Enquirer: 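Mind having a look at this structure? Questions to follow.
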Amino acid sequence: MKNFLERFSSGKNILILFVAFFVFNMFLFPYYIPINEPLDLKFAYSSKQAYQLIEGYGETDRQIYANCLIYIDFVYPVIYGLMFSFLLFRIKKSVILAQIPLLASLADFIENIGIITLLQYFPGKNLLLAGMTSMFTTLKWFSIMASLSILAILLVQKLIKKPQTVEL
């Protein structure tokens, strides 16, 4: 893992990932997600809340949302996971810290599979799957918040760190 991070966490790769991150958030998601409250943007939800939202989407929007998750949101976790992982590694050189955004990406993949399954089998209901999907949604958001908090702390530390003076 350390060799991978040392090799690929270049400024150029971070910039490419940031541009892709920007494009996804500013253009792709707003255009391709036709609903106001997608499950994957909620912090947590009960099985009942999940199915209330899914029912409210309507048949057409359920299919469009599922397609967005399949064709767009399976790429997005790779983009943000690597971008934040590379940033954390570049700043701190810690493989452990660099793995936190990758945990968010893994949780996001599992969450997407769960939401796609819930959408495709509706009006059938699987309360256990809905609850487990919510757990992965919450894990994703905790991991993202942890990554961003650590990144902010490291950047502030770097900015306020006083330059070392050498006395002769």
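We're numbering straight along the sequence, starting at 1. The model shown is predicted, which means the values in this text are computed figures rather than measured ones.
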Enquirer: How long is the straight-line distance from NZ of Lys2 back to OG of Ser94, given to the nearest 0.5 Å?
Expert: 9.5 Å

Enquirer: Does the side chain of Phe4 reach to within under 4.5 Å of the side chain of Leu82, using non-hydrogen atoms?
Expert: yes

Enquirer: Any chance you could lay out the side chain to side chain contact (heavy atoms under 4.5 Å, CB included) test for Phe27 and Phe22, step after step, and finish with the verdict?
Expert: CA-CA 8 Å; Phe27 302 106; Phe22 181 81; 4.0 Å; yes

Enquirer: If Ile, Leu, Val, Met, Phe, Trp and Tyr residues are connected whenever their side-chain heavy atoms lie under 4.5 Å apart, and connections chain through other members, are Phe43 and Phe29 in the same group?
Expert: yes

Enquirer: Step by step, work out the side chain to side chain contact (heavy atoms under 4.5 Å, CB included) result for Glu55 and Gln52.
Expert: CA-CA 5 Å; Glu55 184 175 2; Gln52 285 173 339; 5.8 Å; no

Enquirer: Shortest non-hydrogen contact from Thr137 to Glu111?
Expert: OG1-OE2, 2.8 Å

Enquirer: Grab the two heavy atoms, one from Ser85 and one from Leu5, that are nearest each other, plus how far apart they are.
Expert: OG-CD2, 3.6 Å

Enquirer: Is there a side-chain contact between Leu97 and Phe89 in this structure, where contact means two heavy atoms from C-beta onward sitting under 4.5 Å apart?
Expert: no

Enquirer: For residues Lys125 and Tyr51, report the shortest heavy-atom separation together with the two atoms involved.
Expert: CA-OH, 3.3 Å

Enquirer: Given 3.5 Å as the limit, does a donor-acceptor pair link the side chain of Tyr65 with the main chain of Tyr57, or not?
Expert: no

Enquirer: Can you confirm whether more than 12 heavy atoms, excluding those of Phe142, are under 6.0 Å from its CZ atom?
Expert: no

Enquirer: Go through the steps for Phe21 and Tyr76 under the test side chain to side chain contact (heavy atoms under 4.5 Å, CB included), then give the verdict.
Expert: CA-CA 7 Å; Phe21 178 80; Tyr76 185 65; 3.1 Å; yes

Enquirer: Can you name the closest pair of heavy atoms from Pro101 and Gly81 and give their distance?
Expert: CB-O, 3.6 Å

Enquirer: Between the side chain of Trp141 and the main-chain N/O of Lys42, is any donor-acceptor distance below 3.5 Å?
Expert: yes

Enquirer: For Phe86, is there any backbone N or O sitting under 3.5 Å from a side-chain donor or acceptor partner on Ser9?
Expert: no

Enquirer: Do Phe24 and Tyr80 make the cut of ring centroids closer than 6.0 angstrom?
Expert: no

Enquirer: For residues Leu155 and Ile91, determine if any side-chain heavy atom of one lies less than 4.5 Å from a side-chain heavy atom of the other.
Expert: yes

Enquirer: Can you tell me how far the CG atom of Leu88 sits from the CD1 atom of Ile150, to the nearest 0.5 Å?
Expert: 6.5 Å

Enquirer: Under a 4.5 Å side-chain heavy-atom rule over Ile, Leu, Val, Met, Phe, Trp and Tyr, are Ile110 and Ile144 clustered together?
Expert: no

Enquirer: To the nearest 0.5 Å, how far apart are CG in Asn67 and CD1 in Ile72?
Expert: 9.5 Å

Enquirer: Would Leu102 end up clustered with Met145 when hydrophobic side chains under 4.5 Å apart are linked, directly or stepwise?
Expert: yes

Enquirer: Starting from Tyr32, can I reach Ile116 by hopping between I/L/V/M/F/W/Y residues whose side chains sit under 4.5 Å apart?
Expert: yes

Enquirer: Within a strict 4.5 Å, meaning less than it, do heavy atoms of the Lys140 and Asp40 side chains meet?
Expert: yes

Enquirer: Donor-acceptor check, side chain of Thr117 to backbone of Ile113, threshold 3.5 angstrom: yes or no?
Expert: yes

Enquirer: Might you point out which heavy atoms bring Ala146 and Ile100 nearest each other, and give the distance in Å?
Expert: CB-CG2, 4.2 Å

Enquirer: Working to the nearest 0.5 angstrom, can you tell me the gap between Phe8 CZ and Asn3 CG?
Expert: 10.5 Å

Enquirer: Quick one, Phe109 with Val78, criterion side chain to side chain contact (heavy atoms under 4.5 Å, CB included). Give me CA distance, side-chain angles, the key distance, then yes/no.
Expert: CA-CA 9 Å; Phe109 286 130; Val78 173; 3.6 Å; yes

Enquirer: Looking at Glu6, I want to see if its CD is surrounded by more than 12 non-hydrogen atoms of other residues, nucleotides or ligands under 6.0 Å.
Expert: yes

Enquirer: Would you call Leu53 and Lys48 a side-chain contact if the rule is heavy atoms closer than 4.5 Å?
Expert: no

Enquirer: Can you check whether Leu87 reaches Met83 side chain to side chain, under 4.5 Å on heavy atoms?
Expert: yes

Enquirer: To the nearest 0.5 Å, how far apart are CZ in Arg62 and CD in Gln120?
Expert: 11.5 Å

Enquirer: When clusters are formed by joining ILVMFWY residues with side-chain heavy atoms under 4.5 Å apart, either directly or through shared neighbours, do Leu106 and Phe84 land in the same one?
Expert: no

Enquirer: Which pair of non-hydrogen atoms, one from Cys68 and one from Ile33, has the smallest distance, and what is that distance?
Expert: SG-CG1, 3.5 Å

Enquirer: What's the spacing between Leu69 CG and Ile115 CD1 if we round to 0.5 Å?
Expert: 5.5 Å

Enquirer: Under 3.5 Å, is there a donor-acceptor pair between the side chain of Asn112 and the main chain of Asp73?
Expert: yes

